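Keep in mind that the numbers below use all heavy atoms, side chains included, and drop hydrogens, waters and symmetry copies. Order of listing sets the numbers, starting from 1, for every ligand and every atom in it. Nothing here was measured: the structure is a model prediction, and the numbers come from that model.
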Amino acid sequence: MSEQRKPGFETLAIHAGAAPDPSTGSRALPIHQTTAYVFEDADHAAALFNLQTVGFIYSRLTNPTTAALEARLAALEGGRGGIVCASGHAAQVLALFPLMSPGDEVVASTKLYGGSVQQMKNTYPKFGWKAVFVDPDDPENFRKAITPKTKVLFIESLANPGGVVCDIEAIAKIAESAGVPLLVDNTLATPYLCRPIEYGATLVVHSTTKFLCGTGTSMGGAIVDSGKFDWSRGGKFPSLAGPEPAYHGLNFYETFGDMAYTFHGHAVGLRDLGPSQAPFNAWVTMLGIETLGLRMERHCANAQKVAEYLEKHPAVAWVNYAGLPSNKYNKLARKYLPKGAGSIFTFGVKGGYAAGIKLVDSLELFSHLANIGDAKSLVIHPASTTHRQLTEEQRIAAGAGPDVVRLSIGIESVEDIIADLDQALRQTNQPAAKAAE
Ligand SMILES: *Cc1c(COP(=O)(O)O)cnc(C)c1O
C-alpha cells in the first residue's frame, strides 16, 4: 500500500493493529496469555513505571493482544487511542472515571440501553456522581440541563432498543460550546454504520459483546478517544490536566497531549479499577471484526426486509425501525446511518402481553434470550423478562409496554427469518391470545 492512500474501512477491519508477529512470523494475532513481562534491566523497569517509556508491565494495565484490539478500534472509529475492558458497562464507568469527581454531573439521554440507565441511576450516586436525563429528540434539552458541574454529555448514536437516532452533530456543538466532551455509545451502529467522531464526538464507548464480536461468545467493552479535546480547558478536568499524585505529580495532558486520555485509562483507570479484558476475548473479538462490514451489510438488509414485512402484517400493531420511511427517525438515520439502520428494533404484537409471550414461545429459528448483535436472530419480550420488575406504568415509559417485542435480526437466509415470524405470528392470532387481550 502506498503512503498516500488511506486504507478503506474493510481493509482496516482486517489489518489495523495486527501485523504479522515479528518474532515468529505468525500471520494470525497471537493470544498473549501472560500476566507479566520481563524487564530488560532495572533502568528499563524504572522507565516503564515512571511512564517514560511505553511497554508492558502487567496485563491488568496493558497486554499485546488487547492492545491490538485497541489499535484496531481506534482506527475504525477514526480516533487517536483506545482502551478495552471487560464489558460495555465497565467501559462506561472507565470512560467517566477521569472526567468526574464527587458532586459532578453527566447529562444523559433518556433513550439509552436499560442497563445504562440503571447504572447511572443506582450506582453512580455511590461514587457521588449524578446523572441528569433529558429527551434527546430536542438537542436543546442538553443545553438547558448543563450546569457548572456538568462534565460530559452521554448519548447513544442508535439507541437500544427503540430505533432512536440522535442528532450527534447538533449535540456535539452544544457540548463544545459548554466546554465538555460528548460521549457516544456506538454499540448498535458499530463504526461500520456510524463514526461519531466525524460528527464532533470526543469519546466513543462500545459493548464489543454485541456486533463487534458478532457471535454471542465473548464479553468486552471499549473506549475510543478522538484525541481532539483540550483537557486543560476551563480547569474542569484535574485528573487529566492537573498533577497526578500516583505518578509524582505528572500532568497527563502536558506530558502525553492527544494520548493523555488513553494513557490515563490504562495507567490509572485499568490499574486502579481493574476491569481488564481477557486476551482470549480480545482475540475472538479481533476475528469478529474481520467480517464486521460483511455482517453489518447483511444484518441491515435482513432487518430492512423483516421490518417492511412486519409493517404490513395483520397481527402487528406497529413497527419501530428507523430504516422505514414512515419512521420519525428516518431522516436522521439517512444522515447518520446511510448504510443501514442496524438490525435491532421493536414492534408491537396485537393481543398485548399474552400475544407477546405466545410469540416468543412459538418462534423456532429465533433464540429467546437477553442479548443482541449475534449472527443468530434473537428475540425478547421485555415486559415479561428484562423489565419484569417494573410497574406497568414504568414499563410503558421505558418503551417496554405489554405488546413490545424486540428483535435482533441475524444473518441467516431472510426467507427463513420471515417464515419463522409468520408461523409464530399466526399462533398469536389464536382465540386464546385474543381472549387475553
Ligand atoms: C449491551 C449494551 C451495553 C452493556 O454492555 P455489556 O457488554 O453487556 O456490559 C451498553 N450499551 C449498549 C447500547 C448495549 O447494547
Could you name the option among Gln119, His89, Met219 that has the heavy atom nearest to atom 8 (O) of ligand 1?
Met219
Please assess Asn63 against Tyr37 for the test side-chain hydrogen bond (donor to acceptor under 3.5 Å, both in side chains), listing each intermediate value before the final yes or no.
CA-CA 9 Å; Asn63 168 283; Tyr37 308 83; 3.1 Å; yes
For ligand 1, which atoms sit closer than 4.0 Å to a heavy atom of [X]?
| X | value |
| --- | --- |
| Ser87 | 7 (O), 9 (O) |
| Thr209 | 7 (O) |
| Glu156 | 13 (C) |
| Gly220 | 7 (O) |
| Ile372 | 15 (O) |

Do [Y] and [X] meet the salt-bridge criterion of a basic N to acidic O distance under 4.0 Å?
| X | Y | answer |
| --- | --- | --- |
| Glu176 | Arg233 | yes |
| Lys236 | Asp104 | no |
| Glu308 | Lys305 | no |
| Asp374 | Lys210 | no |

Would you say Leu188 and ligand 1 have an N/O pair spaced under 3.5 Å apart?
no
Proximity to ligand 1 by part of Thr208, non-hydrogen separation under 4.0 Å:
neither
Checking a contact table here: which protein heavy atom is nearest [atom], and how many Å away?
| atom | answer |
| --- | --- |
| atom 6 (P) of ligand 1 | Gly88 N, 3.3 Å |
| atom 1 (C) of ligand 1 | Lys210 NZ, 1.4 Å |
| atom 13 (C) of ligand 1 | Asp185 OD2, 3.4 Å |

Is it true that Gln92 lies under 4.0 Å from ligand 1, counting heavy atoms only?
yes
Geometric cation-pi criterion, Lys358 with Tyr353: 6.0 Å, 45°
no
Could you walk me through whether His89 and Tyr113 pass the ring pair (Phe, Tyr, Trp, His ring centres under 6.0 Å) check?
CA-CA 10 Å; His89 266 5; Tyr113 169 65; 5.7 Å; yes
Which label fits Phe237 and Trp231: parallel for a plane angle under 30°, tilted from 30 to 60°, or perpendicular past 60°?
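Perpendicular, since the angle between the ring planes exceeds 60°.
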